[in-house]
Amino acid sequence: MIHRRRHRKANRNWPKLLAVLVIAAVLFLGYKFQQFNYFISTPVDAGNNEEIIFTIKKGENIKTVAANLYEKKLILDLDSFIWYGKLNNLDTSVKSGRFGLNQTENSKEIYQIITSNENRQAVVTIPEGSTIQDIDQILANLELGKSGDFIQAVKDFDNYSKYPFLNKEKQMGLVHPLEGYLFPDTYYVSASSFSEVEFISMLLNTFSKKALPVIQQSGRPTEEVVNVAAMVEKEANRDQDRPIVAGIIWKRLDGGWMLGIDATLLYLKNDREIDYQDLQENTPYNTRNQKGLPPGPIANPGLASIQAAANPSDTPYYYYLTSKDGVMVYAETDAEHVSNKNRYL
């Protein structure tokens, strides 16, 4: 009987306990919501409108973006920023690029900026050795146009008079005009008003500023130096090898030898592979059976390769190969080169 009375007493107290728990939960949730709303709606410093350049790399998730914003003192709270994005389906709409932000903007306003193209500067990084087709794909991946737009813009380019280092007649005869002169670098462009024509001019201007002075010191024609530099870019993967490879290419050219560079034949191959039949093909890009330079550069070389082509090393070598380990191996004679092939390949 005593046990029953205690059980009834516990049952009578349970509704009161439940009510207390519900009230506590409501108060707690109200407090957390108020705190959440404060963090989202309040800027870090309403009196500081100094611009802070903030970059979001392609592929970064919302947690990384939030952590970087917090580190730069652009948001008050990490978790609140992340949850606001998730609750409003904004976390998957964040754009990559460079944005001008400041501490007067709260988290809601920052989301409006980083999910829109209006104030975004796309970060376009063109690696050394990229081709026009590669650049076209980079721009398409950054949603700065459709695939093929840049390739067509290069073909339609008609501002040759501004760039005296370009021979319009020769350029128009190439599969991809301007190849070799679109300088690899990191560029910042407006995502909302991107223009392929303006971007081409930006690349050519950078070439004129950074590459042309180096080339002009070589005493050789610009188009020849760029052509050799492009082959060096594709053949040598280390800076210390570039001047040596450049010296070998120039030596073979000046001596009337065939260059024997597979990279020139790969240039027009979509699958980037060559077989025995390709090696027999009668094309000016086949430097295994055609003497001299290919019709035009096979890539857009970086400054290191341009410097190497303009200032090649004088060595006794006439041959080179890249071992399976990625190390360049040199030879003075054909017999030594064949021996190196058997040993390193």
Side-chain angles (χ1 to χ4, degrees), residues 124-141 148 150-151 153-155 157 163 165-167 170-171 173-187 199-200 202-204 206-208 210-212 214-215 218 220-239 241-250 252-253 259-274 278 283-288 290 292-310 312 320 322 326 328:
V124 185
T125 299
I126 302 175
E128 291 85 351
S130 297
T131 64
I132 285 172
Q133 288 179 303
D134 295 330
I135 298 172
D136 180 79
Q137 191 58 54
I138 290 169
L139 295 175
N141 290 342
F150 185 73
I151 294 174
V154 168
K155 290 180 178 179
F157 180 78
Y163 304 100
F165 54 85
L166 294 173
N167 183 313
K170 286 186 177 180
Q171 290 297 316
L174 299 175
V175 176
H176 297 295
L178 306 184
E179 192 85 274
Y181 301 90
L182 304 177
F183 195 78
D185 209 336
T186 295
Y187 298 90
F199 188 56
I200 290 170
M202 189 181 295
L203 302 181
L204 291 173
T206 306
F207 174 90
S208 181
K210 293 186 176 183
L212 200 57
V214 176
I215 295 170
S218 71
R220 291 181 182 265
T222 297
E223 60 186 47
E224 291 185 10
V225 176
V226 175
N227 207 327
V228 170
M231 289 184 281
V232 170
E233 189 70 65
K234 289 297 186 181
E235 293 288 288
N237 53 21
R238 298 186 305 175
D239 284 348
D241 290 310
R242 298 185 198 280
I244 302 174
V245 172
I248 292 173
I249 293 174
W250 283 122
R252 294 175 73 95
L253 281 169
L259 297 180
I261 296 176
D262 290 344
T264 61
L265 193 54
L266 283 167
Y267 176 60
L268 298 181
K269 296 281 292 180
N270 291 328
D271 57 5
R272 302 297 172 91
E273 293 182 2
I274 54 176
D278 293 324
T283 165
Y285 283 95
N286 188 352
T287 54
R288 282 185 174 273
Q290 302 285 324
L293 291 166
I298 59 172
N300 294 284
L303 191 58
S305 292
I306 290 171
Q307 289 173 331
Y320 63 85
T322 303
M328 302 290 292

S.K.: Does some side-chain heavy atom of Phe207 sit less than 4.5 Å from a side-chain heavy atom of Val226?
M.R.: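 Touching, per the 4.5 Å side-chain cut-off.
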S.K.: What closest approach, in Å, do Ala309 and Val228 show between heavy atoms, and which atom pair accounts for it?
M.R.: CB-CG1, 4.0 Å
S.K.: Ile126 vs Leu203, test: side-chain contact (heavy atoms from CB on, under 4.5 Å). Steps then yes/no.
M.R.: CA-CA 10 Å; Ile126 302 175; Leu203 302 181; 3.8 Å; yes
S.K.: Got Phe157 and Pro177 here, is their nearest side-chain heavy-atom distance under 4.5 Å?
M.R.: no
S.K.: What closest approach, in Å, do Lys155 and Val175 show between heavy atoms, and which atom pair accounts for it?
M.R.: CE-O, 3.8 Å
S.K.: Enter the distance from Tyr187:OH to Thr206:OG1 here, rounded to the nearest 0.5 Å.
M.R.: 3.5 Å
S.K.: Show the nearest heavy-atom pair for residues Ala246 and Ala308, with the distance to one decimal.
M.R.: CB-O, 3.4 Å
S.K.: My understanding is that only one of Thr283, Leu265, Thr264, Leu268 makes a side chain to side chain contact (heavy atoms under 4.5 Å, CB included) with Pro294; could you say which?
M.R.: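 Only one option passes, and that is Thr264.
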S.K.: Is the side chain of Gln171 donor-acceptor paired with the backbone N or O of Leu178 at a distance under 3.5 Å, no angle test?
M.R.: yes
S.K.: If you look at every heavy atom in Ser218 and Ala310, which pair is closest and at what distance?
M.R.: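 Closest heavy-atom pair between Ser218 and Ala310: CB-O, 3.5 Å.
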S.K.: Report the distance from atom CZ of Arg288 to atom CG of Asp262, rounding to the nearest 0.5 Å.
M.R.: 4.0 Å
S.K.: Does the side chain of Pro301 reach to within under 4.5 Å of the side chain of Val232, using non-hydrogen atoms?
M.R.: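 Side-chain contact under 4.5 Å: no.
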S.K.: Has Glu233 got a side-chain atom pairing as donor or acceptor with Asn300's backbone, closer than 3.5 angstrom?
M.R.: no
S.K.: Using 0.5 Å steps for rounding, measure from the OG1 atom of Thr131 to the NE2 atom of His176.
M.R.: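 Here the rounded value is 7.0 Å.
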S.K.: Could you tell me whether the side chain of Thr287 and the main chain of Ile261 form a donor-acceptor pair under 3.5 Å?
M.R.: yes
S.K.: If you define the side chain from C-beta out and look only at heavy atoms, does anything of Pro284 sit under 4.5 Å from Pro295?
M.R.: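 The answer is yes; the side chains approach within 4.5 Å.
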S.K.: Distance from Thr222 atom OG1 to Leu212 atom CG, nearest 0.5 Å?
M.R.: 5.5 Å
S.K.: Can you find a heavy atom in the side chain of Glu179 that is under 4.5 Å from one in the side chain of Tyr267?
M.R.: yes
S.K.: Show your working on side-chain contact (heavy atoms from CB on, under 4.5 Å) between Ile244 and Met328 and close with a plain yes or no.
M.R.: CA-CA 10 Å; Ile244 302 174; Met328 302 290 292; over 6 Å; no
S.K.: Output yes when a side-chain donor or acceptor of Trp250 lies under 3.5 Å from a complementary backbone atom of Pro312, and no otherwise.
M.R.: no
S.K.: Say you draw a straight line from CG of Leu204 to CD1 of Ile200; how long is it, rounded to the nearest 0.5 Å?
M.R.: 7.5 Å
S.K.: Would a 4.5 Å heavy-atom cut-off, applied to side chains only, mark Ile132 and Ile151 as touching?
M.R.: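 A side-chain contact exists here, since the closest heavy-atom pair is under 4.5 Å.
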S.K.: Donor-acceptor pair, distance only, cut-off 3.5 Å: does the side chain of Ser305 make one with the backbone of Gly302?
M.R.: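 It does not hold such a pair.
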S.K.: Identify the heavy atoms of Ile138 and Pro127 that sit nearest to each other, and give their distance.
M.R.: CD1-CD, 3.9 Å
S.K.: Can you tell me how far CD1 of Ile215 sits from CD1 of Ile306, rounded to the nearest 0.5 angstrom?
M.R.: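 If I round to the nearest 0.5 Å, the distance is 5.0 Å.
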S.K.: Walk me through it: do Tyr285 and Gln290 pass the test side chain to side chain donor-acceptor pair (under 3.5 Å)?
M.R.: CA-CA 8 Å; Tyr285 283 95; Gln290 302 285 324; over 6 Å; no
S.K.: Using side-chain contact (heavy atoms from CB on, under 4.5 Å), reason through Met231 and Leu293 one step at a time and then give a plain yes or no.
M.R.: CA-CA 10 Å; Met231 289 184 281; Leu293 291 166; 3.6 Å; yes
S.K.: Between Tyr181 and Tyr163, does the side-chain contact (heavy atoms from CB on, under 4.5 Å) criterion hold? Intermediate values first, please.
M.R.: CA-CA 10 Å; Tyr181 301 90; Tyr163 304 100; over 6 Å; no
S.K.: Will you find, in the side chains of Asn227 and Glu223, an N or O donor that is under 3.5 Å from an N or O acceptor?
M.R.: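 Distance-only check fails for Asn227 and Glu223.
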S.K.: So which heavy atom on Pro243 is nearest to which on Asp239, and how close?
M.R.: CD-O, 3.2 Å
